There are 2 protein chains.
Amino acid sequence: MSPQEQAETGPQTPVQSVWTRPRAGREQPALSRDQIVAEALRLLDSDGIDALSMRKLGTRLGAGATSLYRHVANKDELIELAIDEIYGEIEIPRSTDPATWRADATGCAQSLRATMLRHPWIASVLGEMGMSYLGPNAMRLAEFLLALFTRAGLPTAEADQAASTLVAYVTGMATSEAAYLNVLARSGHTEQQYVESLWPTAEQAAESYPHLREGYAEQRGKDPRTARDENFQYGLDRVLDGLETRIIH
Amino acid sequence: MSPQEQAETGPQTPVQSVWTRPRAGREQPALSRDQIVAEALRLLDSDGIDALSMRKLGTRLGAGATSLYRHVANKDELIELAIDEIYGEIEIPRSTDPATWRADATGCAQSLRATMLRHPWIASVLGEMGMSYLGPNAMRLAEFLLALFTRAGLPTAEADQAASTLVAYVTGMATSEAAYLNVLARSGHTEQQYVESLWPTAEQAAESYPHLREGYAEQRGKDPRTARDENFQYGLDRVLDGLETRIIH
DNA sequence: CGGCGATGCGCACACTGTACGCAAGAGAGA
DNA sequence: TCTCTCTTGCGTACAGTGTGCGCATCGCCG
(Lines give C-alpha, C1' and ligand atoms only; values in the text may rest on other atoms or scores of the structure.)
Protein backbone atom coordinates (compact mmCIF):
# COMPACT_ATOMS: atom_id res chain seq x y z
CA MET A 1 0.00 0.00 0.00
CA SER A 2 1.58 3.22 -1.15
CA PRO A 3 1.43 6.43 0.79
CA GLN A 4 -0.75 7.91 -1.93
CA GLU A 5 -3.37 5.20 -1.49
CA GLN A 6 -3.37 5.80 2.21
CA ALA A 7 -3.86 9.48 1.61
CA GLU A 8 -6.83 8.73 -0.59
CA THR A 9 -8.74 7.15 2.28
CA GLY A 10 -9.69 10.76 2.96
CA PRO A 11 -9.16 13.26 5.68
CA GLN A 12 -12.06 12.01 7.84
CA THR A 13 -10.20 8.84 8.84
CA PRO A 14 -6.51 9.63 8.52
CA VAL A 15 -4.57 6.38 8.46
CA GLN A 16 -1.51 6.59 10.63
CA SER A 17 1.68 5.03 9.35
CA VAL A 18 5.40 5.49 9.56
CA TRP A 19 5.11 8.20 6.91
CA THR A 20 2.38 10.25 8.40
CA ARG A 21 2.82 9.74 12.10
CA PRO A 22 5.01 12.39 13.70
CA ARG A 23 8.24 10.97 15.00
CA ALA A 24 8.92 10.64 18.66
CA GLY A 25 10.86 13.65 19.81
CA ARG A 26 11.26 16.83 17.79
CA GLU A 27 12.85 15.68 14.58
CA GLN A 28 14.70 18.87 13.95
CA PRO A 29 16.82 20.87 16.34
CA ALA A 30 13.56 22.82 16.21
CA LEU A 31 13.39 26.42 15.06
CA SER A 32 15.61 29.05 16.51
CA ARG A 33 15.76 32.79 16.01
CA ASP A 34 19.29 32.58 14.66
CA GLN A 35 18.31 29.90 12.16
CA ILE A 36 15.37 31.99 10.99
CA VAL A 37 17.46 35.12 10.55
CA ALA A 38 20.15 33.17 8.71
CA GLU A 39 17.67 31.68 6.25
CA ALA A 40 15.98 35.05 5.80
CA LEU A 41 19.36 36.50 4.88
CA ARG A 42 19.94 33.78 2.31
CA LEU A 43 16.56 34.48 0.77
CA LEU A 44 17.08 38.24 0.78
CA ASP A 45 20.54 38.01 -0.74
CA SER A 46 19.53 35.70 -3.53
CA ASP A 47 16.10 37.05 -4.44
CA GLY A 48 15.71 40.52 -2.95
CA ILE A 49 13.31 42.12 -0.54
CA ASP A 50 10.12 41.28 -2.41
CA ALA A 51 10.92 37.58 -2.27
CA LEU A 52 10.88 37.54 1.52
CA SER A 53 7.53 36.34 2.75
CA MET A 54 6.84 34.58 5.99
CA ARG A 55 5.29 31.64 4.16
CA LYS A 56 8.23 31.18 1.82
CA LEU A 57 10.65 31.49 4.69
CA GLY A 58 8.71 28.97 6.71
CA THR A 59 8.65 26.50 3.85
CA ARG A 60 12.41 26.82 3.41
CA LEU A 61 12.86 25.96 7.05
CA GLY A 62 10.49 23.03 6.82
CA ALA A 63 8.03 24.84 9.03
CA GLY A 64 4.67 26.53 8.79
CA ALA A 65 4.51 30.24 8.21
CA THR A 66 3.09 31.10 11.58
CA SER A 67 5.58 29.02 13.50
CA LEU A 68 8.11 31.77 12.97
CA TYR A 69 6.09 34.10 15.14
CA ARG A 70 7.13 32.13 18.21
CA HIS A 71 10.66 33.43 17.72
CA VAL A 72 10.14 36.81 16.12
CA ALA A 73 7.50 39.41 16.93
CA ASN A 74 6.73 40.33 13.35
CA LYS A 75 8.26 40.69 9.93
CA ASP A 76 9.71 44.12 10.62
CA GLU A 77 11.55 42.84 13.66
CA LEU A 78 12.91 39.97 11.59
CA ILE A 79 14.25 42.47 9.07
CA GLU A 80 15.84 44.55 11.80
CA LEU A 81 17.61 41.45 13.02
CA ALA A 82 18.79 40.72 9.50
CA ILE A 83 20.04 44.29 9.14
CA ASP A 84 22.10 44.08 12.29
CA GLU A 85 23.45 40.76 11.15
CA ILE A 86 24.96 42.33 8.08
CA TYR A 87 26.23 45.28 10.14
CA GLY A 88 28.25 42.57 11.80
CA GLU A 89 30.06 41.86 8.55
CA ILE A 90 31.64 45.30 8.47
CA GLU A 91 35.34 45.13 9.17
CA ILE A 92 36.43 47.44 11.91
CA PRO A 93 40.14 48.23 12.07
CA ARG A 94 41.80 47.25 15.31
CA SER A 95 44.18 50.19 15.30
CA THR A 96 44.23 52.63 18.21
CA ASP A 97 46.86 54.91 16.74
CA PRO A 98 45.56 58.49 16.41
CA ALA A 99 47.96 59.08 13.53
CA THR A 100 46.23 56.55 11.31
CA TRP A 101 42.72 57.91 11.81
CA ARG A 102 42.34 58.69 8.14
CA ALA A 103 43.40 55.28 6.90
CA ASP A 104 41.23 53.60 9.53
CA ALA A 105 38.21 55.69 8.57
CA THR A 106 38.83 54.93 4.92
CA GLY A 107 38.98 51.19 5.55
CA CYS A 108 35.84 51.25 7.61
CA ALA A 109 33.97 53.31 5.04
CA GLN A 110 35.02 51.02 2.22
CA SER A 111 33.94 47.99 4.18
CA LEU A 112 30.59 49.58 4.97
CA ARG A 113 29.99 50.27 1.31
CA ALA A 114 31.13 46.82 0.21
CA THR A 115 28.86 45.20 2.76
CA MET A 116 25.85 47.18 1.61
CA LEU A 117 26.54 46.32 -2.02
CA ARG A 118 26.84 42.65 -1.11
CA HIS A 119 23.32 42.87 0.34
CA PRO A 120 21.65 45.48 -1.85
CA TRP A 121 18.21 44.83 -0.38
CA ILE A 122 19.09 46.86 2.72
CA ALA A 123 18.77 49.99 0.62
CA SER A 124 15.05 49.20 0.37
CA VAL A 125 14.57 48.99 4.10
CA LEU A 126 17.01 51.42 5.72
CA GLY A 127 14.47 54.18 5.21
CA GLU A 128 11.67 52.52 7.14
CA MET A 129 13.59 50.89 9.95
CA GLY A 130 14.12 53.70 12.40
CA MET A 131 15.53 51.56 15.17
CA SER A 132 18.15 49.61 13.31
CA TYR A 133 20.93 51.75 14.75
CA LEU A 134 20.16 50.30 18.18
CA GLY A 135 21.31 46.81 17.21
CA PRO A 136 24.52 45.61 18.82
CA ASN A 137 26.53 45.51 15.63
CA ALA A 138 25.37 48.95 14.54
CA MET A 139 26.37 50.28 17.95
CA ARG A 140 29.73 48.62 17.65
CA LEU A 141 30.33 50.54 14.44
CA ALA A 142 29.14 53.81 15.96
CA GLU A 143 31.35 53.30 18.99
CA PHE A 144 34.36 52.66 16.79
CA LEU A 145 33.87 55.80 14.73
CA LEU A 146 33.24 57.89 17.80
CA ALA A 147 36.43 56.58 19.38
CA LEU A 148 38.32 57.16 16.16
CA PHE A 149 37.43 60.82 15.88
CA THR A 150 37.86 61.38 19.60
CA ARG A 151 41.34 59.91 19.41
CA ALA A 152 42.05 62.12 16.43
CA GLY A 153 41.47 65.10 18.67
CA LEU A 154 37.84 66.14 18.30
CA PRO A 155 35.70 66.88 21.36
CA THR A 156 32.93 64.37 22.02
CA ALA A 157 30.10 66.35 20.46
CA GLU A 158 32.03 67.10 17.31
CA ALA A 159 33.32 63.53 17.02
CA ASP A 160 29.67 62.48 16.95
CA GLN A 161 28.92 64.93 14.16
CA ALA A 162 31.97 63.80 12.22
CA ALA A 163 30.93 60.17 12.47
CA SER A 164 27.40 61.04 11.33
CA THR A 165 28.81 62.92 8.38
CA LEU A 166 30.97 60.03 7.27
CA VAL A 167 28.21 57.46 7.69
CA ALA A 168 25.70 59.68 5.90
CA TYR A 169 27.98 60.01 2.90
CA VAL A 170 28.74 56.31 2.70
CA THR A 171 25.16 55.15 3.15
CA GLY A 172 23.89 57.81 0.77
CA MET A 173 26.28 56.72 -1.93
CA ALA A 174 25.78 53.02 -1.28
CA THR A 175 22.00 53.39 -1.19
CA SER A 176 21.84 54.85 -4.65
CA GLU A 177 24.29 52.25 -5.91
CA ALA A 178 22.29 49.47 -4.30
CA ALA A 179 19.06 50.76 -5.81
CA TYR A 180 20.76 50.61 -9.17
CA LEU A 181 22.06 47.10 -8.49
CA ASN A 182 18.55 46.04 -7.55
CA VAL A 183 17.06 47.03 -10.88
CA LEU A 184 20.14 45.66 -12.60
CA ALA A 185 19.57 42.29 -10.96
CA ARG A 186 15.92 42.33 -11.99
CA SER A 187 16.93 43.06 -15.58
CA GLY A 188 18.91 39.84 -15.73
CA HIS A 189 21.70 41.42 -17.77
CA THR A 190 25.31 42.13 -16.97
CA GLU A 191 26.15 45.64 -15.85
CA GLN A 192 27.76 46.39 -19.23
CA GLN A 193 24.70 45.25 -21.16
CA TYR A 194 22.34 47.10 -18.86
CA VAL A 195 24.22 50.38 -19.07
CA GLU A 196 24.37 50.08 -22.84
CA SER A 197 20.64 49.41 -23.07
CA LEU A 198 19.95 52.41 -20.88
CA TRP A 199 21.86 54.87 -23.02
CA PRO A 200 19.12 55.90 -25.43
CA THR A 201 16.65 56.55 -22.62
CA ALA A 202 19.15 58.53 -20.60
CA GLU A 203 20.29 60.57 -23.57
CA GLN A 204 16.73 61.40 -24.48
CA ALA A 205 15.94 62.43 -20.91
CA ALA A 206 19.02 64.68 -20.85
CA GLU A 207 18.18 66.23 -24.17
CA SER A 208 17.76 69.78 -22.97
CA TYR A 209 20.45 69.70 -20.30
CA PRO A 210 23.82 70.52 -21.84
CA HIS A 211 26.02 69.80 -18.83
CA LEU A 212 24.35 66.45 -18.25
CA ARG A 213 24.82 65.52 -21.88
CA GLU A 214 28.48 66.35 -21.70
CA GLY A 215 28.85 64.40 -18.48
CA TYR A 216 27.18 61.38 -20.06
CA ALA A 217 29.35 61.58 -23.14
CA GLU A 218 32.47 61.64 -21.02
CA GLN A 219 31.47 58.57 -19.04
CA ARG A 220 30.50 56.51 -22.04
CA GLY A 221 32.84 53.62 -22.71
CA LYS A 222 34.25 53.51 -19.19
CA ASP A 223 33.86 50.32 -17.22
CA PRO A 224 30.83 51.15 -15.06
CA ARG A 225 32.03 49.09 -12.12
CA THR A 226 35.38 50.82 -11.72
CA ALA A 227 33.74 54.17 -12.44
CA ARG A 228 31.49 53.58 -9.45
CA ASP A 229 34.45 52.63 -7.31
CA GLU A 230 36.32 55.78 -8.30
CA ASN A 231 33.33 58.02 -7.71
CA PHE A 232 32.93 56.62 -4.24
CA GLN A 233 36.59 57.03 -3.45
CA TYR A 234 36.60 60.62 -4.72
CA GLY A 235 33.73 61.62 -2.45
CA LEU A 236 35.18 59.75 0.48
CA ASP A 237 38.46 61.60 0.09
CA ARG A 238 36.65 64.93 -0.05
CA VAL A 239 34.61 64.17 3.06
CA LEU A 240 37.76 63.19 4.92
CA ASP A 241 39.51 66.31 3.61
CA GLY A 242 36.70 68.34 5.07
CA LEU A 243 36.93 66.60 8.43
CA GLU A 244 40.69 66.96 8.39
CA THR A 245 40.40 70.73 8.41
CA ARG A 246 38.90 70.41 11.88
CA ILE A 247 41.52 67.98 13.13
CA ILE A 248 44.81 69.48 12.01
CA HIS A 249 45.32 72.96 13.32
CA MET B 1 -40.02 54.80 -1.93
CA SER B 2 -36.56 55.31 -0.55
CA PRO B 3 -33.40 54.33 -2.38
CA GLN B 4 -32.79 51.65 0.24
CA GLU B 5 -36.10 49.98 -0.53
CA GLN B 6 -35.31 50.05 -4.20
CA ALA B 7 -31.97 48.43 -3.49
CA GLU B 8 -33.74 45.67 -1.59
CA THR B 9 -35.59 44.53 -4.69
CA GLY B 10 -32.39 42.59 -5.29
CA PRO B 11 -29.62 42.54 -7.83
CA GLN B 12 -31.56 40.35 -10.32
CA THR B 13 -33.96 43.13 -11.28
CA PRO B 14 -32.13 46.37 -10.66
CA VAL B 15 -34.60 49.23 -10.60
CA GLN B 16 -33.35 52.21 -12.52
CA SER B 17 -33.96 55.60 -11.01
CA VAL B 18 -32.43 59.03 -10.90
CA TRP B 19 -30.13 57.78 -8.17
CA THR B 20 -28.81 54.67 -9.79
CA ARG B 21 -28.87 55.52 -13.45
CA PRO B 22 -25.55 56.87 -14.69
CA ARG B 23 -25.78 60.45 -15.80
CA ALA B 24 -25.52 61.40 -19.40
CA GLY B 25 -21.99 62.48 -20.17
CA ARG B 26 -18.97 61.87 -17.98
CA GLU B 27 -19.89 63.55 -14.72
CA GLN B 28 -16.36 64.28 -13.65
CA PRO B 29 -13.57 65.86 -15.64
CA ALA B 30 -12.62 62.19 -15.63
CA LEU B 31 -9.40 60.85 -14.20
CA SER B 32 -6.06 62.24 -15.18
CA ARG B 33 -2.53 61.18 -14.37
CA ASP B 34 -1.80 64.49 -12.68
CA GLN B 35 -4.87 64.20 -10.52
CA ILE B 36 -3.90 60.67 -9.49
CA VAL B 37 -0.34 61.64 -8.60
CA ALA B 38 -1.55 64.66 -6.64
CA GLU B 39 -3.96 62.59 -4.57
CA ALA B 40 -1.32 59.90 -4.04
CA LEU B 41 0.99 62.58 -2.69
CA ARG B 42 -1.67 63.78 -0.27
CA LEU B 43 -2.19 60.24 0.96
CA LEU B 44 1.54 59.56 1.27
CA ASP B 45 2.24 62.79 3.12
CA SER B 46 -0.54 62.35 5.62
CA ASP B 47 -0.40 58.61 6.27
CA GLY B 48 2.91 57.27 5.02
CA ILE B 49 3.94 54.70 2.48
CA ASP B 50 2.00 51.78 3.95
CA ALA B 51 -1.24 53.70 3.61
CA LEU B 52 -0.93 53.96 -0.16
CA SER B 53 -2.98 51.26 -1.80
CA MET B 54 -4.53 51.41 -5.20
CA ARG B 55 -7.98 50.72 -3.76
CA LYS B 56 -7.76 53.47 -1.16
CA LEU B 57 -6.43 55.89 -3.74
CA GLY B 58 -9.21 54.98 -6.15
CA THR B 59 -11.86 55.48 -3.50
CA ARG B 60 -10.46 58.90 -2.64
CA LEU B 61 -10.77 59.88 -6.27
CA GLY B 62 -14.28 58.52 -6.51
CA ALA B 63 -13.08 55.82 -8.87
CA GLY B 64 -12.56 52.09 -8.87
CA ALA B 65 -9.17 50.72 -7.99
CA THR B 66 -8.40 49.34 -11.39
CA SER B 67 -9.41 52.50 -13.21
CA LEU B 68 -6.10 54.00 -12.20
CA TYR B 69 -4.28 51.53 -14.41
CA ARG B 70 -5.51 53.36 -17.49
CA HIS B 71 -3.25 56.26 -16.55
CA VAL B 72 -0.38 54.59 -14.75
CA ALA B 73 1.36 51.35 -15.65
CA ASN B 74 1.62 50.05 -12.09
CA LYS B 75 2.09 51.12 -8.52
CA ASP B 76 5.84 51.48 -8.82
CA GLU B 77 5.50 53.85 -11.73
CA LEU B 78 2.99 55.88 -9.74
CA ILE B 79 5.51 56.18 -6.93
CA GLU B 80 8.25 57.24 -9.34
CA LEU B 81 5.96 59.98 -10.59
CA ALA B 82 5.29 61.04 -7.02
CA ILE B 83 9.01 61.11 -6.29
CA ASP B 84 9.75 63.34 -9.22
CA GLU B 85 6.89 65.58 -8.20
CA ILE B 86 8.55 66.30 -4.89
CA TYR B 87 11.93 66.72 -6.58
CA GLY B 88 10.16 69.60 -8.24
CA GLU B 89 9.72 71.30 -4.88
CA ILE B 90 13.44 71.72 -4.40
CA GLU B 91 14.48 75.32 -4.72
CA ILE B 92 17.26 75.85 -7.17
CA PRO B 93 19.19 79.13 -6.92
CA ARG B 94 19.09 81.20 -10.07
CA SER B 95 22.60 82.55 -9.57
CA THR B 96 25.21 82.07 -12.28
CA ASP B 97 28.01 83.75 -10.37
CA PRO B 98 30.99 81.38 -9.92
CA ALA B 99 31.99 83.26 -6.76
CA THR B 100 28.82 82.24 -4.93
CA TRP B 101 29.10 78.53 -5.67
CA ARG B 102 29.36 77.64 -2.02
CA ALA B 103 26.33 79.64 -0.93
CA ASP B 104 24.35 78.28 -3.87
CA ALA B 105 25.31 74.70 -3.08
CA THR B 106 24.40 75.26 0.57
CA GLY B 107 20.99 76.61 -0.31
CA CYS B 108 20.28 73.78 -2.70
CA ALA B 109 21.40 71.16 -0.17
CA GLN B 110 19.27 72.67 2.56
CA SER B 111 16.27 72.75 0.29
CA LEU B 112 16.83 69.13 -0.71
CA ARG B 113 16.94 68.06 2.92
CA ALA B 114 13.93 70.15 3.87
CA THR B 115 11.95 68.69 0.99
CA MET B 116 12.79 65.13 1.97
CA LEU B 117 11.82 65.78 5.58
CA ARG B 118 8.53 67.30 4.46
CA HIS B 119 7.80 63.99 2.68
CA PRO B 120 9.56 61.43 4.88
CA TRP B 121 8.05 58.48 3.01
CA ILE B 122 10.52 58.92 0.18
CA ALA B 123 13.20 57.47 2.44
CA SER B 124 11.29 54.19 2.26
CA VAL B 125 11.33 54.08 -1.50
CA LEU B 126 14.52 55.75 -2.68
CA GLY B 127 16.32 52.45 -2.25
CA GLU B 128 14.07 50.46 -4.57
CA MET B 129 13.40 53.01 -7.28
CA GLY B 130 16.48 52.82 -9.46
CA MET B 131 15.16 55.02 -12.20
CA SER B 132 13.91 57.98 -10.22
CA TYR B 133 16.92 60.04 -11.24
CA LEU B 134 15.64 60.02 -14.82
CA GLY B 135 12.60 62.12 -14.00
CA PRO B 136 12.59 65.66 -15.36
CA ASN B 137 12.81 67.36 -12.00
CA ALA B 138 15.60 65.10 -10.79
CA MET B 139 17.50 65.89 -13.98
CA ARG B 140 16.92 69.57 -13.46
CA LEU B 141 18.61 69.29 -10.06
CA ALA B 142 21.49 67.25 -11.47
CA GLU B 143 21.98 69.74 -14.28
CA PHE B 144 22.08 72.62 -11.84
CA LEU B 145 24.70 71.01 -9.62
CA LEU B 146 26.80 69.99 -12.56
CA ALA B 147 26.67 73.54 -13.92
CA LEU B 148 27.49 74.92 -10.49
CA PHE B 149 30.66 72.91 -10.04
CA THR B 150 31.67 73.41 -13.64
CA ARG B 151 31.33 77.16 -13.20
CA ALA B 152 33.33 76.89 -10.02
CA GLY B 153 36.20 75.58 -12.09
CA LEU B 154 36.06 71.80 -12.00
CA PRO B 155 36.42 69.76 -15.20
CA THR B 156 33.26 67.97 -16.31
CA ALA B 157 34.12 64.56 -14.92
CA GLU B 158 35.09 65.92 -11.53
CA ALA B 159 32.09 68.23 -11.37
CA ASP B 160 29.99 65.11 -11.75
CA GLN B 161 31.77 63.43 -8.88
CA ALA B 162 31.46 66.53 -6.73
CA ALA B 163 27.72 66.70 -7.36
CA SER B 164 27.35 63.00 -6.51
CA THR B 165 29.26 63.53 -3.30
CA LEU B 166 27.08 66.40 -2.19
CA VAL B 167 23.85 64.62 -3.07
CA ALA B 168 25.01 61.42 -1.38
CA TYR B 169 25.72 63.25 1.85
CA VAL B 170 22.42 65.11 1.86
CA THR B 171 20.28 62.10 0.96
CA GLY B 172 22.16 59.90 3.39
CA MET B 173 21.60 62.31 6.23
CA ALA B 174 18.00 63.03 5.27
CA THR B 175 17.21 59.35 4.82
CA SER B 176 18.19 58.48 8.34
CA GLU B 177 16.36 61.51 9.65
CA ALA B 178 13.29 60.61 7.66
CA ALA B 179 13.36 57.03 8.92
CA TYR B 180 13.42 58.45 12.41
CA LEU B 181 10.55 60.82 11.62
CA ASN B 182 8.56 57.89 10.25
CA VAL B 183 8.71 55.93 13.48
CA LEU B 184 8.19 59.15 15.39
CA ALA B 185 4.98 59.79 13.47
CA ARG B 186 3.79 56.23 14.13
CA SER B 187 4.46 56.70 17.83
CA GLY B 188 1.98 59.57 17.96
CA HIS B 189 4.12 61.58 20.37
CA THR B 190 5.98 64.85 20.00
CA GLU B 191 9.68 64.63 19.22
CA GLN B 192 10.53 65.67 22.79
CA GLN B 193 8.33 62.98 24.32
CA TYR B 194 9.59 60.34 21.93
CA VAL B 195 13.26 61.07 22.57
CA GLU B 196 12.63 61.04 26.29
CA SER B 197 10.84 57.69 26.10
CA LEU B 198 13.69 56.26 24.07
CA TRP B 199 16.39 57.17 26.57
CA PRO B 200 16.30 54.05 28.76
CA THR B 201 16.46 51.73 25.76
CA ALA B 202 19.28 53.64 24.16
CA GLU B 203 21.25 53.86 27.36
CA GLN B 204 20.87 50.16 27.96
CA ALA B 205 21.97 49.36 24.41
CA ALA B 206 25.02 51.59 24.81
CA GLU B 207 25.90 50.06 28.14
CA SER B 208 29.26 48.64 27.16
CA TYR B 209 30.26 51.40 24.78
CA PRO B 210 31.92 54.22 26.73
CA HIS B 211 32.20 56.75 23.91
CA LEU B 212 28.59 56.27 22.91
CA ARG B 213 27.47 56.73 26.51
CA GLU B 214 29.40 59.96 26.76
CA GLY B 215 27.99 61.14 23.47
CA TYR B 216 24.46 60.41 24.61
CA ALA B 217 25.00 62.16 27.93
CA GLU B 218 26.22 65.24 26.13
CA GLN B 219 23.22 65.40 23.85
CA ARG B 220 20.66 64.93 26.59
CA GLY B 221 18.58 67.98 27.27
CA LYS B 222 19.25 69.62 23.91
CA ASP B 223 16.32 70.38 21.70
CA PRO B 224 16.39 67.40 19.31
CA ARG B 225 15.11 69.39 16.36
CA THR B 226 17.80 72.08 16.44
CA ALA B 227 20.40 69.42 17.22
CA ARG B 228 19.46 67.67 13.97
CA ASP B 229 19.67 70.94 12.07
CA GLU B 230 23.11 71.66 13.49
CA ASN B 231 24.40 68.17 12.76
CA PHE B 232 23.29 68.48 9.18
CA GLN B 233 24.88 71.88 8.78
CA TYR B 234 28.15 70.68 10.30
CA GLY B 235 28.47 67.81 7.86
CA LEU B 236 27.41 69.98 4.94
CA ASP B 237 30.13 72.49 5.81
CA ARG B 238 32.71 69.72 5.99
CA VAL B 239 31.68 68.24 2.66
CA LEU B 240 31.90 71.68 1.04
CA ASP B 241 35.25 72.26 2.75
CA GLY B 242 36.47 69.08 1.17
CA LEU B 243 35.22 70.07 -2.26
CA GLU B 244 36.70 73.54 -1.82
CA THR B 245 40.19 72.09 -1.59
CA ARG B 246 39.79 71.02 -5.23
CA ILE B 247 38.40 74.34 -6.36
CA ILE B 248 40.72 76.92 -4.84
CA HIS B 249 44.34 76.43 -5.78
C1' DC C 1 2.44 10.10 36.64
C1' DG C 2 0.33 14.76 36.24
C1' DG C 3 0.44 19.06 34.72
C1' DC C 4 2.59 23.07 32.76
C1' DG C 5 4.94 26.08 29.80
C1' DA C 6 6.89 26.27 25.33
C1' DT C 7 6.48 25.25 20.65
C1' DG C 8 4.54 24.13 15.98
C1' DC C 9 0.81 24.72 12.95
C1' DG C 10 -3.99 24.85 10.48
C1' DC C 11 -7.36 28.02 9.75
C1' DA C 12 -9.29 32.36 8.93
C1' DC C 13 -9.47 37.34 8.07
C1' DA C 14 -8.74 41.38 5.94
C1' DC C 15 -6.17 43.21 2.53
C1' DT C 16 -2.89 43.64 -1.37
C1' DG C 17 -1.50 44.44 -6.79
C1' DT C 18 -3.23 43.74 -11.00
C1' DA C 19 -4.94 40.79 -15.45
C1' DC C 20 -9.04 40.37 -18.03
C1' DG C 21 -13.08 41.41 -20.34
C1' DC C 22 -17.26 43.99 -20.68
C1' DA C 23 -19.85 48.31 -21.34
C1' DA C 24 -20.57 52.87 -22.41
C1' DG C 25 -19.18 57.43 -23.99
C1' DA C 26 -16.61 60.36 -27.64
C1' DG C 27 -15.25 61.34 -32.00
C1' DA C 28 -14.87 60.30 -36.99
C1' DG C 29 -16.45 59.00 -41.43
C1' DA C 30 -20.25 57.85 -44.56
C1' DT D 1 -28.07 60.31 -38.59
C1' DC D 2 -26.06 55.76 -38.31
C1' DT D 3 -22.24 53.04 -37.51
C1' DC D 4 -17.54 51.90 -36.28
C1' DT D 5 -13.50 52.43 -33.60
C1' DC D 6 -10.88 54.20 -29.64
C1' DT D 7 -10.60 55.48 -25.06
C1' DT D 8 -11.99 55.16 -20.43
C1' DG D 9 -14.08 53.21 -16.21
C1' DC D 10 -15.01 49.32 -13.52
C1' DG D 11 -16.65 44.51 -11.62
C1' DT D 12 -14.75 40.24 -10.91
C1' DA D 13 -11.28 37.19 -9.91
C1' DC D 14 -6.76 35.26 -8.69
C1' DA D 15 -2.86 34.53 -6.26
C1' DG D 16 -0.74 36.13 -2.98
C1' DT D 17 0.35 38.90 1.81
C1' DG D 18 1.00 39.49 7.35
C1' DT D 19 -0.64 37.76 11.32
C1' DG D 20 -4.34 36.66 15.44
C1' DC D 21 -6.33 32.65 17.48
C1' DG D 22 -6.85 28.23 19.32
C1' DC D 23 -5.60 23.48 19.36
C1' DA D 24 -2.33 19.65 19.62
C1' DT D 25 1.81 18.05 21.07
C1' DC D 26 6.25 18.15 23.03
C1' DG D 27 10.09 18.24 26.92
C1' DC D 28 10.62 19.00 31.57
C1' DC D 29 9.79 19.41 36.53
C1' DG D 30 7.62 18.12 40.68
Side-chain angles (χ1 to χ4, degrees), chain A residues 7 10-12 14 16 20-37 39-40 43-44 47-82 121 124-125 128-129 186, chain B residues 7 10-12 14 16 20-37 39-40 43-44 47-82 121 124-125 128-129 186:
Chain A
Q12 287 82 358
Q16 296 291 346
T20 66
R21 186 170 27 241
R23 279 193 221 163
R26 296 276 150 98
E27 357 194 342
Q28 296 293 337
L31 233 39
S32 83
R33 169 181 283 201
D34 289 346
Q35 212 180 3
I36 293 172
V37 173
E39 190 64 41
L43 193 49
L44 286 166
D47 295 346
I49 190 73
D50 292 340
L52 179 65
S53 82
M54 299 305 269
R55 285 181 234 268
K56 213 178 303 189
L57 185 56
T59 309
R60 280 219 188 190
L61 289 161
T66 59
S67 306
L68 309 174
Y69 285 88
R70 294 284 173 193
H71 305 270
V72 151
N74 49 38
K75 193 183 180 184
D76 281 0
E77 184 181 302
L78 171 61
I79 292 179
E80 290 209 55
L81 289 170
W121 51 269
S124 333
V125 295
E128 3 196 19
M129 299 288 130
R186 267 196 284 275
Chain B
Q12 286 84 356
Q16 297 290 347
T20 66
R21 186 169 29 240
R23 279 193 220 162
R26 295 275 151 100
E27 353 194 345
Q28 294 294 336
L31 232 40
S32 83
R33 171 181 280 203
D34 288 346
Q35 212 181 2
I36 292 172
V37 174
E39 190 63 40
L43 193 49
L44 285 166
D47 296 347
I49 190 73
D50 292 339
L52 179 66
S53 83
M54 300 305 270
R55 284 180 235 266
K56 212 178 302 189
L57 186 55
T59 309
R60 281 219 187 189
L61 289 161
T66 58
S67 307
L68 310 174
Y69 285 88
R70 294 283 173 194
H71 302 90
V72 151
N74 50 39
K75 193 184 178 182
D76 281 0
E77 184 181 301
L78 171 60
I79 292 179
E80 290 210 54
L81 289 171
W121 51 268
S124 334
V125 296
E128 1 195 20
M129 299 288 129
R186 268 197 282 276

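Bear in mind that the values here come from a model prediction, so they are computed numbers and not experimental data. Chain A is the first sequence line, chain B the second, and so forth, proteins listed ahead of strands; every chain is numbered from 1.
- In this view, B:Thr59 satisfies the side-chain contact (heavy atoms from CB on, under 4.5 Å) rule with no residue, not counting sequence neighbours.
- Non-hydrogen atoms lying under 4.0 Å from DNA chain C are contributed by A:Ala63, A:Gly64, A:Thr66, A:Ser67, A:Arg70, A:His71, all within residues 62-72 of chain A.
- Applying the salt bridge (Lys or Arg N to Asp or Glu O under 4.0 Å) criterion to B:Glu39, with sequence neighbours excluded, gives B:Arg42, B:Arg60.
- In this structure, the side-chain contact (heavy atoms from CB on, under 4.5 Å) partners of A:Ala65, at least two apart in sequence or on a different chain, are A:Arg55.
- Legend: residues meeting salt bridge (Lys or Arg N to Asp or Glu O under 4.0 Å) with A:Arg33, ordered by chain and number and at least two apart, are A:Glu77.
- In this entry the distance linking CZ of A:Arg33 with C1' of C:dT7 reads 15 Å, nearest Å.
- Rounded to whole angstrom, the span from the CD atom of A:Glu77 across to the C1' atom of D:dT19 amounts to 14 Å.
- Counting distance only, with no hydrogens placed and no angle test, the side-chain atoms of A:Arg55 and the base atoms of D:dG16 include no donor-acceptor pair under 3.5 Å.
- Atoms CD1 (A:Ile79) and C1' (D:dG18) sit 11 Å apart, rounded to a whole Å.
- Near DNA chain C, meaning a heavy atom under 4.0 Å from it, residues 47-54 of chain B has B:Leu52, B:Ser53, B:Met54 in order of number.
- If you take CG of B:Asn74 and P of C:dT16, they are 17 Å apart, rounded to a whole angstrom.
- If you take NZ of B:Lys75 and P of C:dA19, they are 14 Å apart, rounded to a whole angstrom.
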Determine, step by step, whether B:Leu81 and B:Ile36 satisfy the side chain to side chain contact (heavy atoms under 4.5 Å, CB included) criterion, reporting the C-alpha distance in whole Å, the side-chain angles of both residues, the deciding distance to 0.1 Å, and the verdict. CA-CA 10 Å; B:Leu81 289 171; B:Ile36 292 172; over 6 Å; no
